[in-house]
Q: 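Below are the structure tokens for one structure; questions will follow.
Predicted model only: the values in this text are computed from it and were never measured.
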Amino acid sequence: MKRILAFAIALIFIFAFVSCGGGNTEESSQTQSSESNADESSAAGESSEADESSEAEESSEAEESSEDESSTETPVETYFDFTLTAFMVGVNVAVTGESVVVFTTNDAIASGNTKYSINVLLDKESDCLYKVVSVEIGNGTGYTGTLGDGQILLAVHSSSSNMDDIDENQNVPGKLAAMALEADDLIAIVGIDENDIIMLKEYEEGDDLEYKLELPANHANKNFVSFGTAVNTGIRIADSTSIALTKINAAPAYGDSALYTYEWGLALGDYNWSKFAILVCEYDHSVFGYVKSVLYDVDSTESKKDIEIPDDGFILAVSQDNATLYNKLKNIKSGDKFYVHGLQIAPIGYEISGCTTAPVIDGSIGLTEWSDFLIDEVDENNVFWDYSQFEVNQYEITAKIYATYDANNLYFAVVVDTPDQYCSVTSSDAVNMYKYCCIQVNTVDQSPLSEYMLSHYDYVIDPKAVNDGHVRQYGFAVNQSGETVFVLWMGSGTFTGQAKVVRDADAEQTIYEVSIPWTEIGVDTVETGADFGLSISINTSNETEAAAGKWKNIKLRDGGGIILRNDWTKIPVATLD
């Protein structure tokens, strides 16, 4: 009867996960009465008996209708894997949320919060193999038994026993499977001694009970963290100053190199961090980059679960078991800056309001023409902007960025307050304007954080997003003759919009006004809530600096997807309002 119930549980579990797209990893309330558990257990038993009778009748009918009466089939038995649905599988830790815990000591049980879990007493049969002694449903007071020699307690918890609740309570199948266990059933548990359980399931003949693990593969998007004095186009994931990521904002496991941001939570949380070095990096606006705040090695006495994730920064957790990556931490030097490839750490984005009257692209900012459409102010105090190419505290150039749209075009204006304006190019050599005073502009036809863009985030090693026509990069300038010049550095076709750049020497101000058709950018649906990418950097090299080959650029943090690596995830997400 128990095997049939387990089979039914598995079928329900598979159906629910296909229907719901997987479980919910959020912890839920543990408020549940032992009376309801008992009722659920009884109901499950009644269902099992009915299913057994029905299944027997169906089997008989199938045999009678078989064309080959001599053929027989061995019924398939289903063995439940308790690691599949729990958000946490731990050893001697408190039961919480949708979790599974193995207790090896009576002291751990006493503080283990077993009052509402399904508590399965197990006897050791052999290494990694245990036999069920008893199954108790938590009655609100906690498990009161005492472990004997060779005994352990398996505690399985979910805040519901109803498969309809699987969206909120992902470990319902685990709880039902634990309730269905019977005396003498065998449970395979591998990794207790290592405090790293890699198998916890009903034993099936042939299960490999040896503790052995393969290192996890790199993250599907090949994200990595590099460090050094600067980020350049020559950096690769295998460098001695690059640490590949296996996981982003997900629970740590054997051999992981995992990155955590504010999206993970306030702190690392109650997981097993004993084999992990924890590197905390915070953004330092005085050096315009992420820097090491502290590095906790594996032998640290710090309670790593309480390590806070910076509001403006990230944590890199590298397992000692992944020796190749772990040893790279030794290459970090004082003064190094850190760069996360393929992930937007700071949530940089713009909301762009539509206009009823389109701006006139004439290089003149009217009193009311752009006043309602300011989206960014560029100065040394804006933490999203990088003045690292300027002399310290000589940040004399500032700017305001405006943007709006209508059904046909994106419009933007950049007003740069600068004492100098120099650009010697003409339309014939406009490709070289980046050496002088100009603006560089990237557009993306979708969110820079879309699944496609995240898969092809780094132009240096993967130009697919450009080759497929999703990313375009423009340059706009005014030359010494007062002529507006423009260039399309990335993307096919030509610039079909309008541009006017005017220098007002008396006001020491350069005004850029541009319109680009949505059809050229590639945005098909222009409506409220639509996302695309818009990034702008400001080149400010005057005549003396240009002659000396000095490039002075004001860029968004981490290059804004334009400077440095052309990492598209650093492009702000622009949302139509």
Side-chain angles (χ1 to χ4, degrees), residues 233 350 352 354-355 358-363 401 403-414 423 425-436 438-479 483-501 512-527 530-539 559-563 565-574 576:
T233 57
Y350 300 129
I352 299 178
C355 60
V360 178
I361 307 302
D362 58 2
I401 300 175
T404 185
Y405 73 96
D406 59 21
N408 299 313
N409 298 288
L410 168 68
Y411 306 93
F412 58 89
V414 183
C423 186
V425 303
T426 64
S427 57
S428 63
D429 63 344
V431 68
N432 294 318
M433 72 170 64
Y434 69 91
K435 300 177 181 179
Y436 311 103
C438 68
I439 61 171
Q440 294 177 245
V441 180
N442 274 16
T443 63
V444 186
D445 63 4
Q446 58 196 279
S447 168
L449 305 182
S450 69
E451 182 177 349
Y452 172 90
M453 295 300 294
L454 291 174
S455 299
H456 307 287
Y457 68 83
D458 192 341
Y459 178 71
V460 172
I461 59 177
D462 182 6
K464 184 174 176 60
V466 172
N467 295 342
D468 286 353
H470 300 294
V471 179
R472 299 174 71 80
Q473 188 174 101
Y474 302 87
F476 301 96
V478 58
N479 64 18
E483 174 190 10
T484 296
V485 291
F486 52 84
V487 63
L488 179 65
W489 281 303
M490 295 181 183
S492 59
T494 60
F495 171 60
T496 62
Q498 293 180 284
K500 184 66 175 180
V501 187
Y512 300 79
E513 279 191 302
V514 179
S515 69
I516 307 177
W518 289 117
T519 53
E520 182 177 325
I521 295 172
V523 174
D524 298 324
T525 304
V526 181
E527 61 184 13
D531 289 335
F532 69 104
L534 177 64
S535 188
I536 296 172
S537 68
I538 304 166
N539 295 0
I562 299 176
I563 314 301
R565 296 281 296 191
N566 289 124
D567 181 338
W568 310 133
T569 64
K570 307 307 186 287
I571 295 175
V573 178
L576 300 183

Q: Report yes if some heavy atom in the side chain of E513 is under 4.5 Å from a heavy atom in the side chain of D362; otherwise report no.
A: yes
Q: With the side chain counted from C-beta on, respond yes when I439 and F412 share a heavy-atom pair under 4.5 Å apart, and no when they do not.
A: yes
Q: Which value, rounded to the nearest 0.5 Å, describes the distance between M453 atom CE and K464 atom NZ?
A: 12.0 Å
Q: Do the side chain of S447 and the main chain of D531 share a donor and acceptor less than 3.5 angstrom apart?
A: no
Q: Give me the atom names and distance for the closest heavy-atom approach of F476 to V514.
A: CZ-CG1, 3.7 Å
Q: Hey, does K570 have a side-chain heavy atom less than 4.5 Å from the side chain of Y457?
A: no
Q: Does the R472 side chain pair with the main chain of S492, one donor and one acceptor, at a distance under 3.5 Å?
A: yes
Q: Quick one: does I516's side chain get under 4.5 Å of Y474's, heavy atoms only?
A: yes
Q: Can a donor-acceptor pair be found, under 3.5 Å and without considering hydrogens, that links the side chain of T484 to the backbone of V501?
A: yes
Q: Looking only at non-hydrogen atoms, find the nearest pair between F495 and E520 and report the distance.
A: CA-OE2, 3.5 Å
Q: Would you check if the side chain of D468 reaches a backbone N or O of H470 as a donor-acceptor pair within less than 3.5 Å?
A: no
Q: What are the two closest heavy atoms between M433 and A477, and how far apart are they?
A: SD-CB, 3.9 Å
Q: If I take atom CG from residue N566 and atom OG1 from residue T233, how far apart are they, to the nearest 0.5 angstrom?
A: 9.5 Å
Q: For the pair W518 (side chain) and D406 (backbone), establish whether a donor and an acceptor sit closer than 3.5 Å, ignoring hydrogens and angles.
A: yes
Q: Sequence neighbours left out, what passes salt bridge (Lys or Arg N to Asp or Glu O under 4.0 Å) with D458? Give chain and number order.
A: R565
Q: Report yes or no: does Q440 contribute a side-chain atom to a donor-acceptor pair with the main-chain N or O of S537 at less than 3.5 Å?
A: no
Q: Does any part of the side chain of L534, heavy atoms only, come nearer than 4.5 Å to the side chain of V441, both counted from C-beta?
A: yes
Q: Kindly compute the distance separating OG1 (T426) from CG (N432), expressed to the nearest 0.5 Å.
A: 9.5 Å
Q: Could you check whether atom CD of E527 has more than 12 heavy atoms from other residues, nucleotides or ligands sitting under 6.0 Å from it?
A: yes
Q: Short question: side chain of N479, backbone of V425 - any donor-acceptor pair under 3.5 Å?
A: yes
Q: What distance separates I571 CD1 from I562 CD1, expressed to the nearest 0.5 Å?
A: 7.0 Å
Q: Donor-acceptor pair, W489 side chain versus V431 backbone, under 3.5 Å?
A: yes
Q: Is there a donor-acceptor pair closer than 3.5 Å between any side-chain N or O of N442 and the backbone N or O of G561?
A: yes
Q: Side chains of L454 and T569: closer than 4.5 Å at any heavy-atom pair?
A: yes
Q: Taking I361's backbone N and O only, do any of them form a donor-acceptor pair with Q498's side chain (distance below 3.5 Å, no angle check)?
A: no
Q: Taking all heavy atoms of Y436 and all of N539, pick out the closest pair and write down the distance.
A: O-CB, 3.1 Å
Q: Counting C-beta onward and ignoring hydrogens, is there a side-chain heavy-atom pair between F532 and V444 closer than 4.5 Å?
A: no
Q: Rounded to the nearest 0.5 Å, how far does CG of L576 lie from CD1 of I352?
A: 6.5 Å
Q: Do you know which two heavy atoms are closest between Y512 and C438, and how far apart they sit?
A: OH-CA, 3.5 Å
Q: So, for G560 and S535, which heavy atoms are closest and what is the spacing to 0.1 Å?
A: O-OG, 2.6 Å
